[in-house]
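This report concerns only the one structure given below.
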Protein chains: 4
Amino acid sequence: MPRTAKQFEEIRSERREAILSAALHVFSEEGYHHASISKVSKEAGVSKGLMYNYFQSKEELLELLIGSLLDEETKVVHELMEEKFTADTFIRLVQMGTNILRKNPKKWKLYLNMSSHPSVIPIIQKKFTPERQLFAENLLAFFTAQGYQDPAIQMQYFSITMTGFKFQYIMDPDNFPVFEMETKIIQQFIKEDYVSNRNNKSL
Amino acid sequence: MPRTAKQFEEIRSERREAILSAALHVFSEEGYHHASISKVSKEAGVSKGLMYNYFQSKEELLELLIGSLLDEETKVVHELMEEKFTADTFIRLVQMGTNILRKNPKKWKLYLNMSSHPSVIPIIQKKFTPERQLFAENLLAFFTAQGYQDPAIQMQYFSITMTGFKFQYIMDPDNFPVFEMETKIIQQFIKEDYVSNRNNKSL
Amino acid sequence: MPRTAKQFEEIRSERREAILSAALHVFSEEGYHHASISKVSKEAGVSKGLMYNYFQSKEELLELLIGSLLDEETKVVHELMEEKFTADTFIRLVQMGTNILRKNPKKWKLYLNMSSHPSVIPIIQKKFTPERQLFAENLLAFFTAQGYQDPAIQMQYFSITMTGFKFQYIMDPDNFPVFEMETKIIQQFIKEDYVSNRNNKSL
Amino acid sequence: MPRTAKQFEEIRSERREAILSAALHVFSEEGYHHASISKVSKEAGVSKGLMYNYFQSKEELLELLIGSLLDEETKVVHELMEEKFTADTFIRLVQMGTNILRKNPKKWKLYLNMSSHPSVIPIIQKKFTPERQLFAENLLAFFTAQGYQDPAIQMQYFSITMTGFKFQYIMDPDNFPVFEMETKIIQQFIKEDYVSNRNNKSL
DNA sequence: TATGAATGAGTTTTCATTCAT
DNA sequence: TATGAATGAAAACTCATTCAT
């Protein structure tokens, strides 16, 4: 008697996740190019051939992993969009950014290493949804409201700060002072004493 | 007439440079892993075999390129060390940082892409010389003198800013507002009107 | 209510046909080697595993398809054997040959492509039944009666003509002038005005 | 001391031929798809890797082999074009056709097996040069001059005859009566006693 | 009987490195 | 010193076939 459709679905779903998870681990550990499908399959406890039953290619694995990171970000943006953009929203933006980072350092490592890879660029572009665009405009409006003469510059400056934050965290997660930097960033970009006892919040 | 030893030495030296330069070009264009020695040798106008007369391996090329970037930085540090560390020194630090970046975007691209590569990490560690260590202490002292409560945090914060700056510049050199960001950074970390007509200086 | 044995038998028989038909389609479309069992099973609306309940291997599918083509031919031979071999028989031989071809171009394509395949050769030999042998002798006698000095040569010559006919038809069925060539062949090998308004017959 | 450019050229040329020859042998023996590069390289006495120093891909080998067959044919056509097209030209056309066939049965086997392969079709089209087109027109004119009512049909009929000839020869070179068939064809299409003691010529 | 997940041997291809000259 | 032909190990990927359910 064959398995039911649902059973098959479950098996597929579990295996998919197992493979993606193994791929993430191996890719981030050894770098995408140096990592071999063979190693990923071993890590996933699966035959090499089966990988291709679930995914088209090594590249597709990369694209899905990067895509899922961007989707997580989009979800955060979505949440933040539900309220009026205040200083508090900004704070939560930073906090949620670092939270995502801490929750999935491997994915970020992969992302930062591969973000200029030809097959990743289109993913990034595709995932820059209208919603994210709108959020960016809100952020710009926020900086404008904060009284910056050149809010676009301010926004880019914020962007490089966050990028550097992520890059350095990823390079040495154990020694990087996440909370201190998070607090520092918030102080820098809000310039008020907004920021009290927030270390617990950010967990 | 046989060439003198000196002439030989010159030829060797030129060849070395040609190969390294070709390697840098190809590595940064195609990514280290995807780049082939064959292409590098063609680009350098040298046979594949001869490459191995000059360098041990592909990896060595990478290590030398990264090393030379760090050496350039060290040289800058060395220059800056010759004076007392003032706000002006800090400004020049930032400016020289961006200058190096703009002068050698390929090397930086390679550096940022490969900085977590197993054979690069030891290079970075080795190049963190006592002199750089001393400079770091001076910088820390500078931030202390500027009145920051936690100068170490401030220094790390400065570091992530510079990292993000470099990362984003490398990602899209043509559209990145180098000067505006440079000015912004200086303003942020000095908070004075120190910064006048410096666009020309920074060229 | 359980199905009767006969119903089971019917289902099995239908499935067999469906699979063979799908195999023919896919094999002729993509070429035997490039065609995948997976695609055949999908096309047949049957699971991959079940295919192996009906057939031993991919090769067996090929062999059965080729075999069935030869069987069809044998059937035609059988029909033609029921009468005395006259010029009219010869004409019908040619016509039925082209009819089979037009009725089953895919099978012929497969046949012509695979006729030198190691597993197909024995099939062809096995299907060269005594009956066909006898028919060949009758054909030879016919050519002899037609007054050819060397009827064996004439027969081989007829054979290459039919082969070329099939090959070129298969290569480009839409543009090949089937009827004109059929008429031409008949004229060539009968040399009489035997051949009147036969286009309708051959449909 | 390195080899001279000429020496390298010689090595390359020899190896190229060796590989092409091995490929032809293995492809025609086992069929293009079933043949493996590994086997071709073994047959050529060369490492697998070296194959790719000389050729881009397995497909390129196929294309070159097919192309060279068509080039040989074109050369024959070129020779025949240098004279006025007479019955004698036609005879030599047939003879040279069979000569090419007998000289290179493996190539023809490959050609007939692969002529519908996606990567071969464009080769065939590309090699159908204006010169060949012109020759075809001459042949048509020849048939017209011979008094055929429908010379186009006659030409196509000639074409299928030659195709069938080649196909059957290739299927069983040892038992196929080449000369008899060649003579037969010439007789069929010339219908004169043109054709005397020509077996020696055709060698 | 029926499913499709799973396997593994086989394929083509790449490329850093070596080596004969 | 200099060349590029040659190697071989490893890579990504395919697919007929098996097997647990």
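For the numbers below, each heavy atom of this structure counts, side chains included, while hydrogens, waters and symmetry mates do not. Chain identifiers are assigned alphabetically (A, B, ...) following the order of the sequence lines, protein sequences preceding nucleic acid strands; residue numbering begins at 1 within each chain.
- For Pro118(D), there are no side-chain contact (heavy atoms from CB on, under 4.5 Å) partners at least two apart in sequence or on another chain.
- In DNA chain E, runs of at least 3 stacked Watson-Crick or G-U pairs (N1-N3 plus N6-O4 or O6-N4, or N1-O2 plus O6-N3, all under 3.5 Å) give these stems: E:2-21 with F:2-21.
- Residues forming a salt bridge (charged side-chain N to carboxylate O under 4.0 Å, His left out) with Lys42(D) (at least two apart in sequence, or on another chain): none.
- Shown here are the side-chain hydrogen bond (donor to acceptor under 3.5 Å, both in side chains) partners of Ser68(D), two or more places apart in sequence or in another chain: Lys107(D).
- For residues 11-25 of chain A, the set of pairs meeting the side-chain hydrogen bond (donor to acceptor under 3.5 Å, both in side chains) definition, not counting sequence neighbours, comprises Arg12(A)-Asn53(A), His25(A)-Glu43(A).
- Residues from residues 5-42 of chain A lying near DNA chain F, meaning a heavy-atom separation below 4.0 Å, are Ala35(A), Ser36(A), Ile37(A) in numerical order.
- With contacts defined as side-chain heavy-atom distances shorter than 4.5 Å, the pair Asn113(D)/Tyr32(D) does not qualify.
- Counting heavy atoms from C-beta outward, Val40(C) and Phe27(C) have side chains that approach closer than 4.5 Å.
- Annotation: salt bridge (Lys or Arg N to Asp or Glu O under 4.0 Å) contacts involving residues 45-67 of chain A, sequence neighbours excluded, are absent.
- Residues satisfying the side-chain hydrogen bond (donor to acceptor under 3.5 Å, both in side chains) criterion with Lys126(A), sequence neighbours excluded, are absent altogether.
- Against DNA chain E, the stretch residues 56-68 of chain C makes no heavy-atom approach under 4.0 Å.
- You'll find the side chain of Tyr54(A) stays beyond 4.5 Å of the side chain of Leu20(A), heavy atoms only.
- Scored by the ring-ring contact (aromatic ring centres under 6.0 Å, His included) test, His34(D) finds no partners at all (sequence neighbours excluded).
- Heavy-atom nearest nucleotides on DNA chain E were determined for Pro2(D) and for Pro2(A), and the one closer to the 5' end corresponds to Pro2(A).
- Residues Ile123(A) and Lys127(A) are in side-chain contact: their nearest non-hydrogen atoms beyond the backbone lie under 4.5 Å apart.
- Counting non-hydrogen atoms under 4.0 angstrom, Tyr54(B) reaches the backbone sugars and phosphates but no base.
- On the nucleic acid side, DNA chain F has its first and last nucleotide under 4.0 Å of a heavy atom of chain D at dA2(F) to dA10(F), going 5' to 3'.
- With sequence neighbours excluded, the residues forming a salt bridge (charged side-chain N to carboxylate O under 4.0 Å, His left out) with Lys39(B) are Glu30(B), listed by chain and number.
- Between Arg3(D) and Asn53(B), it is Asn53(B) whose nearest contact on DNA chain F lies nearer the 5' terminus.
- Map Lys48(B) and Met51(B) each onto its nearest nucleotide of DNA chain F; the residue landing nearer the 5' end is Met51(B).
- Between His33(D) and His117(C), the ring centre distance reaches or exceeds 6.0 Å.
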